[in-house]
There are 2 protein chains.
Amino acid sequence: MIATSEKTVREDKHCPHNAAINCTNCRLSGICLPLALEQDEIVQLDEIVQRGRPLQKRQHAYREGDTFTSVFAVRSGSFKAYSVTDTGEEQVTGFYFPGEIMGMDGIGQNRYASSAQALETSAICEIPFSRIQELSGRLPNMQGHFFRLLSQEIVEDQRHMTLLSKNTAEQRVASLLISISARNARRKLSPNRFRLPMSRGDIGHFLGLTIETVSRVFSRFAKQGLIEIENKDVSILDVPALQHIAAQED
Amino acid sequence: MIATSEKTVREDKHCPHNAAINCTNCRLSGICLPLALEQDEIVQLDEIVQRGRPLQKRQHAYREGDTFTSVFAVRSGSFKAYSVTDTGEEQVTGFYFPGEIMGMDGIGQNRYASSAQALETSAICEIPFSRIQELSGRLPNMQGHFFRLLSQEIVEDQRHMTLLSKNTAEQRVASLLISISARNARRKLSPNRFRLPMSRGDIGHFLGLTIETVSRVFSRFAKQGLIEIENKDVSILDVPALQHIAAQED
DNA sequence: CGTTCCCTTGACCGTGGTCAAGTGCAGTGG
DNA sequence: CCACTGCACTTGACCACGGTCAAGGGAACG
């Protein structure tokens, strides 16, 4: 019995979808919420984190307009956050990968300002915001970390505003590739070979481009030998060149 | 002596640039930080707020890259927040009017991600962030209000992302006019007649348009009888029509 | 194995950017 | 008081990037 139980635990550590994981043993603790917390504080955080079953592709973690209750940490898989304009067009406001926190746009109005949809089978940790507030009142580290998280989202959104208002199609696509590559590196995955979990349409709706333009830019990059792309699998062949393009030099 | 002092106090109430005002008697208390606080909590906030001399046009409240210490409430006048791209172009990330809080983009990295420049003679309240954190630890209202403020900035930035990625030049300009009009209304100023404190260039750098396009759209709106515009003085003649355009209906 | 959706590619077009010239207002100095 | 300078804004002519429309191919799902 004991042996079986131990085996189960060991399996947990290897299966990122498994719910029987906690913040202390989660391999994302170095980049996720626990980042700024002491060991005993992480234990307290752990007690309020709810880990549900994995979400299938296209399922939502929350939807635009829903009453805000929780923020969510991505444990495995990936999400897009998007809102729908008056004319029914979709604006993707961000992509979320493991260790990243989504749903913070709901705090201000007590309802989510965007929807979060799984781009593939994904697992999330739900963290009720009322508990975060309560915990933040007691743990200055927690409060500070959350202020920082919110502020960083602002900074990222403002960078994206700049991207949308100043950059060409090629610069936008290059920036996204560099960004995903860097986030993979942070999770100790290959920064040069990865699978894009989102569709061309999602990319377009994120970058302010049409699906056709995204496709054309990928083709052009491939023709120039900067990347290899086969459907959703990308290899970045010339990182410096892409960075050069993304940094809008010239 | 006493009479003189009383006279001074009375003048304070009428001159928005004057520093001898506190959060309790400030006529912006209904829309500024005190919004969510109890009377005795406002007194505590008041103790940490620093009120300096007015800033002249073109002076900065803080600069991109400066070490982050404080957030700022605009007391009078107006500001633009902007950052400079690698290629030296300016991206205006927001305009700030009395009662609004700026500088929150500095929390995450401990340095300001943008610069805040006065568009006219303006007064600000400086609020050291360390004191806000300390106060937030003690006053749940304060913590909650700050979480909300940060979140609302995220939501606004995401709306602006949508504007930049989906809307035409006319929709962008109409949106800005409607936004300024609404913020004026909140401060009990005329929503139909006001002076634009920022230049055409600032507007362009905010809306992702060139100065020429901004100018052309203003001219077109005037020709259509939607607005009257003479230099920086605008009269909105047909609010519904502008709202209609801004809402990207057709 | 078939249907459907996603993606690619091509031809054409339009919005807004670029370049350039001109106007008018503000501030300065004679 | 007016002339001079300079900057902000306006307006026009032209152009290019990316959007639109259309057709066809190929992967993924049932």
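Chain naming here is simple, since letters A, B, ... match the order of the sequence lines and numbering starts at 1 in each.
- Atom CZ in B:Arg195 sits roughly 10 Å away from atom P in D:dC9 (whole-Å rounding).
- Note on A:Gly204: nothing from the nucleic acid sits closer than 4.0 angstrom, heavy atoms only.
- What separates CG of A:Asp233 from P of D:dG26 is a distance of 18 Å, to the nearest Å.
- In this structure, A:Lys57 atom NZ and D:dG30 atom P are separated by 11 Å, rounded to whole Å.
- As rounded to whole Å, 13 Å separates atom P of D:dG18 from atom CG of A:Leu164.
- A parallel orientation is assigned to the rings of B:His160 and B:Phe206, their planes being inclined by less than 30° (bins at 30° and 60°).
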Legend entry - Evaluation steps, ring pair (Phe, Tyr, Trp, His ring centres under 6.0 Å), between A:Phe72 and A:Tyr62: CA-CA 9 Å; A:Phe72 298 86; A:Tyr62 53 85; 5.6 Å; yes

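- Side-chain atoms of A:Thr67 do not come within 3.5 Å of backbone N or O of A:Arg111 as any donor-acceptor pair.
- For the side-chain contact (heavy atoms from CB on, under 4.5 Å) test with A:Tyr82, the passing option among A:Glu89, A:His205, A:Glu90, A:Glu64 is A:Glu90; the others fail.
- A donor-acceptor pair is defined here as one N or O able to donate and one able to accept, closer than 3.5 Å; no such pair exists between the side chain of B:Ser215 and the backbone of B:Thr213.
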Legend entry - Stepwise side-chain contact (heavy atoms from CB on, under 4.5 Å) check, A:Ser151 with B:Met104: CA-CA 6 Å; A:Ser151 172; B:Met104 296 185 295; 5.8 Å; no

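- Atom CG of residue A:Asp66 and atom OG of residue A:Ser114 lie 10.5 Å apart, to the nearest 0.5 angstrom.
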Legend entry - Where protein sits on nucleotides 1-12 of chain C, one letter per nucleotide: B base, S sugar-phosphate only, - none, heavy atoms under 4.0 Å: -----SSBBBB-

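- Between the P atom of C:dG27 and the CD atom of B:Gln56 lies a distance of 13 Å, rounded to the nearest Å.
- Both A:Glu230 and A:Thr210 lie near DNA chain D, and the one whose nearest nucleotide falls closer to the 5' end is A:Thr210.
- A donor-acceptor contact shorter than 3.5 Å is absent between the side chain of A:Thr93 and the backbone of B:Gln158.
- Spacing between atom CZ of B:Arg172 and atom C1' of C:dG16 amounts to 9 Å, rounded to whole angstrom units.
- Axis deviation across the helix from C:dC1-D:dG30 to C:dG30-D:dC1 amounts to 40°, comparing end segments of five pairs, rounded to 10 degrees.
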